[in-house]
Each structure stands twice: as structure tokens, then as C-alpha cells.
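So you know, we letter chains A, B, ... as the sequences are listed, proteins then strands, and number each from 1.
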There are 2 protein chains.
Amino acid sequence: MLFKQFDLNYDRPAATKTETGMSKHGQRVLITLRKMIANGELPPGERVAEIPIAERLGVSRTPVRIAFRTLEQEGLLRKGDRRGYTVRAITPTEIADAIEVRGVLEGLAARLASERGISLPARSHLIECLSTGDALFSKGFLTDEDMEIYHDFNMRFHNTIIEASRNIAIEDALSRNDHLPFASVSSIAFNRDDMTGEFRRFNFSHMQHHIIFDAIDNGQGARAEALMREHANAALRYTQILGPTQDMPDNFTVIEREDTA
Amino acid sequence: MLFKQFDLNYDRPAATKTETGMSKHGQRVLITLRKMIANGELPPGERVAEIPIAERLGVSRTPVRIAFRTLEQEGLLRKGDRRGYTVRAITPTEIADAIEVRGVLEGLAARLASERGISLPARSHLIECLSTGDALFSKGFLTDEDMEIYHDFNMRFHNTIIEASRNIAIEDALSRNDHLPFASVSSIAFNRDDMTGEFRRFNFSHMQHHIIFDAIDNGQGARAEALMREHANAALRYTQILGPTQDMPDNFTVIEREDTA
DNA sequence: CGTAATCAAATTGGATCCAATTTGGCAAGA
DNA sequence: TCTTGCCAAATTGGATCCAATTTGATTACG
């Protein structure tokens with residue numbers, strides 16, 4: 001099964017701003033379904049009907065129907081010709097595709113931020129993210145807790161640049177990708193059995209943050225864009241890990257932030 | 001009012017592949033609402049409630065609720081903090097933003113198509129599009145009918161390249177932008193009072209198609225990407241036309257293709 | 001034995017009903 | 001007169017009911 005062994009932390013405070021209008025109930029259904037698709041509880045290609053899902057989640061068909069539409073929009077469900085939805089197969093290729101798209105979109109954001117200039121608050125926010133990272137890596141090693149911290153400021157760093165682009169369409173376009181598991185900045189995975197290797201990897205990623213900021217801060221749009229594009233590949237590690245079998249070794253930990261959009 | 005005077009042809013055969021699961025009824029509600037938002041019948045910022053809309057469209061609240069969710073996903077409605085939806089203001093800036101995003105996405109598609117190589121059928125399809133255009137412009141002038149033809153093969157040209165990229169995520173990301181009026185390839189506008197000017201403009205656009213194809217066909221990824229990005233600005237004309245008043249002169253005609261996704 | 005037709009079961013979409021939450025106004029008291 | 005509290009109206013989400021469409025299966029006929 002796909003991503004069966006993943007240990008997704010879906011029980012975290014949401015960091016989104018687009019509060020979809022359903023009350024707690026509908027939200028929970030949507031999030032639960034996303035989770036079930038992501039961890040393979042609903043296998044790819046499986047046909048999902050409203051009634052069984054509704055019974056399984058202990059709600060009526062109405063919130064399930066709404067959720068299905070949303071999940072279709074997000075690309076996690078595909079609609080059959082005549083009736084019924086099927087779980088869309090999320091292959092490593094598709095994740096790689098989504099990451100490539102994220103690369104160009106965030107690259108655009110970085111370029112626009114460079115060209116248009118960033119606000120003072122955004123600038124200091126970015127610098128703060130960089131400092132936090134510097135402090136983290138100056139120790140020479142990383143703990144699990146550090147990974148949480150990294151995950152947090154990494155997300156803020158990226159989001160700040162996207163906002164600084166002052167192009168709403170970028171955020172909109174990204175919000176779709178972010179529903180695909182492991183394609184968004186809001187999820188990082190690391191190998192507990194090779195923390196020194198991971199230290200080097202994330203340190204490199206952090207160094208990229210530094211030079212991206214440098215480019216943006218100096219108005220070097222093309223440089224910022226190219227760097228950010230390349231930086232997106234930092235996440236591409238998943239697909240290397242997953243490889244052809246699409247199974248994840250147990251010693252990997254995934255930090256994910258749930259998304260309510 | 002926003003885009004009030006636009007003469008959108010929404011009554012055309014749908015060209016989409018993602019058939020959203022609603023029966024005719026729900027489809028109609030969704031399309032009607034899109035139309036009402038696009039042509040300003042529902043002014044930007046206006047609060048839309050379920051009951052009045054349902055009564056106005058002669059259906060129950062259920063299909064309206066579903067449609068609201070979809071429209072929120074598409075970015076045409078924004079959800080209030082506590083309750084209710086409001087029509088999102090679609091400013092020229094937002095359209096320009098969306099077009100910029102489309103540029104980088106289609107640019108990515110063009111690059112990938114170049115790098116991975118296009119299939120023989122796709123290649124001949126592109127060539128066919130180019131020939132059709134050549135025949136059109138060789139006359140030295142354009143009629144209204146020609147515009148329809150142009151619109152048609154222009155869309156096919158772009159879609160073929162997107163498919164040729166073999167990156168599903170691009171199509172997914174674009175499908176959101178395409179709901180914003182005038183941000184997608186499926187809509188073109190032209191000024192009937194200046195058909196010679198329009199001839200030159202669309203001819204230029206068609207020439208861009210030629211060199212984009214040349215780049216792709218020769219595996220020149222970076223060139224194809226840059227050209228396609230620039231080509232996206234061909235549509236940017238709307239925002240120039242609209243200007244600050246956001247009103248469209250009567251002598252403009254818009255060809256739009258309705259989208260059922 | 002194969003094919004076609006009809007009927008039943010399942011599934012989905014729409015409408016209506018009910019509950020919960022919010023908003024807004026009106027009134028009472030400081 | 002201003003503020004506060006309470007109540008009513010409105011709005012939204014969920015559940016259930018009903019109709020329409022589709023699937024599939026069984027049976028009958030060639």
C-alpha cells in the first residue's frame with residue numbers, strides 16, 4: 001500500500017488562513033479523508049462511495065458529499081465517467097511533478113519579491129528565520145526537537161516570500177499542490193538512523209535560504225528565481241527515498257502540518 | 001460594475017475532461033454563478049447567501065451549497081470569518097497576477113516538452129495548428145469567424161504542449177487559474193473597431209507559436225521556456241484595456257469557453 | 001449455449017426538515 | 001445617553017427523505 005508506514009502528524013494546530021466554512025464536523029471529515037488517502041487506508045484506484053464512508057465516519061452523507069467535491073478539486077479523488085469517485089494514485093512521479101511545479105511558482109515569488117522589494121517587517125521576519133536556523137546548526141547536530149523548529153521556520157520563510165511577492169495567484173496555485181502529500185513545504189521527512197547525514201542535508205538547505213535571501217535583498221530577481229527553483233529539489237528527497245516500491249522504511253519520520261483549506 | 005458589459009459566450013460545448021459529478025442541475029447552478037460573478041451581476045464584495053441565490057435560480061439550497069464550496073476553491077468566492085461568502089473582487093491586478101502564473105507554468109510545460117521530447121502525434125498536432133494559423137493570416141486580414149478559428153487552435157496548441165510536458169501537476173495548477181475570467185487561454189478578447197491592429201497583434205502571437213514550436217522541436221528547453229513565458233503576455237492585453245476603471249468598451253468582443261471542472 | 005431484455009438493487013443528486021450558531025435589535029438599567 | 005444583556009430572526013450545517021439514473025443479474029428467447 002502507498003505510504004502505509006508513514007506516521008503523519010495530522011493533529012497539529014492548523015496554520016492556514018482560508019477557513020473553509022464547514023463546522024467542526026465537516027472539517028473533520030475532510031481532514032480524515034485526506035489522511036486516509038495519504039496513508040493508503042483508501043488504496044489508489046479504490047472506488048469510494050458516499051454511504052460506506054459516511055457510516056465509517058459516523059456522519060450522514062451530506063458532509064461526505066461536500067468533502068468529495070473538495071477532494072476532487074484538490075486532485076485526490078477522480079470522478080468516474082458515470083458515477084462514483086476513485087482514489088487517485090499518488091505516485092512518486094506525481095509528487096516529483098508537483099514539486100517541480102512548486103519550484104517554478106516559488107521561483108516566481110522569489111523573483112517578484114526581488115523586483116518589487118520586500119517590506120521591512122517581511123525582511124526582518126526572514127532574517128529572524130535565518131538566525132533561528134543559524135543557532136540550530138551551530139550546535140553541529142540535530143535533535144528531533146530541532147526538526148520541529150526547522151520545520152516551523154522553514155515554512156514561515158517560504159510563506160513570507162510568497163506573501164512578499166504580492167501575487168495572490170501564486171498562493172492560490174500553490175494551495176492546490178499543498179494537498180498532495182509531501183509536495184508542500186509544510187511537510188518534511190528525515191531519517192532518524194542517519195542524523196549526521198540529515199544534518200548536512202538540512203544545513204545545505206538552510207544555506208540555500210541564506211543565499212536566496214541575499215538575492216532577494218539585493219534585488220537580484222533572476223538569481224533569486226533560479227536559486228529558489230533549485231531549492232525546491234530539497235524536498236525531492238522523498239521520491240528518491242520512495243523509489244520504485246513506493247514504500248517507506250520505518251526509520252523515517254514525517255512532520256506534516258494539517259491543512260484545512 | 002466589473003466586466004458588466006462583457007458578452008461572454010458561455011453557451012458553448014464544454015471542452016473539459018474533468019466532469020464534475022453533478023447532474024445537469026448542479027452544473028447549471030455552478031456555471032450560472034460563475035457567469036454572474038464574471039459579468040458583475042454579483043458585484044465584488046457582495047455577500048451571497050444560500051437562500052436568496054437558491055430562490056433566484058429556482059433550485060433548493062443543496063446544489064447552491066455545493067457550488068459555493070467549488071467557487072471558493074476556484075477563488076471566485078471568499079469565505080467570511082464567521083459565516084457567509086462574499087464575491088471576490090477580481091481586479092485587473094489579480095488577472096495580471098494570474099497571467100504571470102500561467103506564464104511560468106506554461107513555460108515549465110514548454111521546457112519539459114523540449115527536454116523530454118514530444119510524441120509524433122503531438123508534434124503533428126502542433127504543426128497542424130501552425131498551418132491553420134498560417135492559412136488564416138496569409139489572407140492579410142481577420143474576420144469574426146477567423147477569431148473563432150484562432151481561438152480554437154490557439155487553445156489546442158497550448159493544451160497540446162501542456163500534455164506533452166507529461167507533468168500532471170501543471171495541468172492541475174492551471175485549472176485553478178482558468179476559472180478567473182480572462183486569465184486562461186480559453187478566453188480571448190478583441191476590438192472589432194481596430195481589426196487591422198488586432199490582425200497584427202494576433203499575427204505576432206502566432207509567430208510566437210512558431211518559434212516556441214521550433215524551440216521545443218529542437219530540444220531547446222530554456223529557449224522554449226522563456227518564449228512561452230513571454231507569450232503569456234499576449235493575453236495581458238485585457239488588463240491594459242480595462243485600466244483603472246475596470247470597464248470594458250462596448251466594441252470589444254470576448255470569446256470564452258465555459259468550463260465545467 | 002449465447003444474447004438480449006427486463007427488473008431489482010444500489011448509488012447519487014435534490015429537497016426538505018431540524019438543530020446550532022450568529023447577528024442584530026430592542027429594552028432596561030446605570 | 002450610553003452600555004449591556006437578552007431575545008428573536010436569519011443563516012448555515014447536518015440528517016433524512018424522495019426521485020432519477022445506473023449497474024448487474026437473472027431469465028427468457030433465439
Would you say a side-chain N or O of B:Arg69 is under 4.0 Å from OP1 or OP2 of D:dG13? yes

Could you go through A:Arg34 and A:Glu74, starting from their C-alpha distance and side-chain angles, then the distance that decides it, and tell me whether this counts as salt bridge (charged side-chain N to carboxylate O under 4.0 Å, His left out)? CA-CA 10 Å; A:Arg34 281 211 201 97; A:Glu74 293 175 4; 2.8 Å; yes

Any carboxylate oxygen within less than 4.0 angstrom of a Lys/Arg side-chain nitrogen, looking at A:Lys79 and A:Glu72? no

Of the candidate nucleotides C:dT23, C:dA15, C:dT11, which contains the atom at the shortest distance from the side chain of B:Arg82? C:dT23

Residue B:Arg83, side-chain heavy atoms: nucleotide from C:dG14, D:dA10, C:dT11 that is nearest: D:dA10

Whether the side chain of A:Arg116 engages the backbone of A:Arg166 through a donor-acceptor N/O pair (distance < 3.5 Å, no angle test) should be reported. yes

Heavy-atom donor-acceptor pair, A:Arg88 side chain to A:Gly75 backbone, under 3.5 Å: yes

Protein-nucleotide distance ([X], atom [atom1]; [N], atom [atom2]), rounded to Å:
X: A:Arg47; N: C:dT12; atom1: CZ; atom2: P; answer: 6 Å
X: A:Arg28; N: D:dG13; atom1: CZ; atom2: P; answer: 17 Å
X: A:Leu30; N: D:dG13; atom1: CG; atom2: P; answer: 13 Å
X: B:Phe68; N: D:dT12; atom1: CZ; atom2: P; answer: 7 Å
X: A:Tyr85; N: C:dT11; atom1: OH; atom2: C1'; answer: 13 Å

Knowing that exactly one of B:Leu33, B:Thr70, B:Val48, B:Thr86 qualifies, which makes a side chain to side chain contact (heavy atoms under 4.5 Å, CB included) with B:Leu77? B:Val48

Determine, step by step, whether B:Glu50 and B:Arg83 satisfy the salt bridge (charged side-chain N to carboxylate O under 4.0 Å, His left out) criterion, reporting the C-alpha distance in whole Å, the side-chain angles of both residues, the deciding distance to 0.1 Å, and the verdict. CA-CA 11 Å; B:Glu50 291 173 3; B:Arg83 88 172 148 190; over 6 Å; no

Tell me if the side-chain of B:Arg65 makes a donor-acceptor pair with the base of C:dG14, cut-off 3.5 Å, by modelled atom types. no

Going by number, which of residues 51-62 of chain A have a non-hydrogen atom under 4.0 Å from DNA chain D? A:Val59, A:Ser60, A:Arg61, A:Thr62

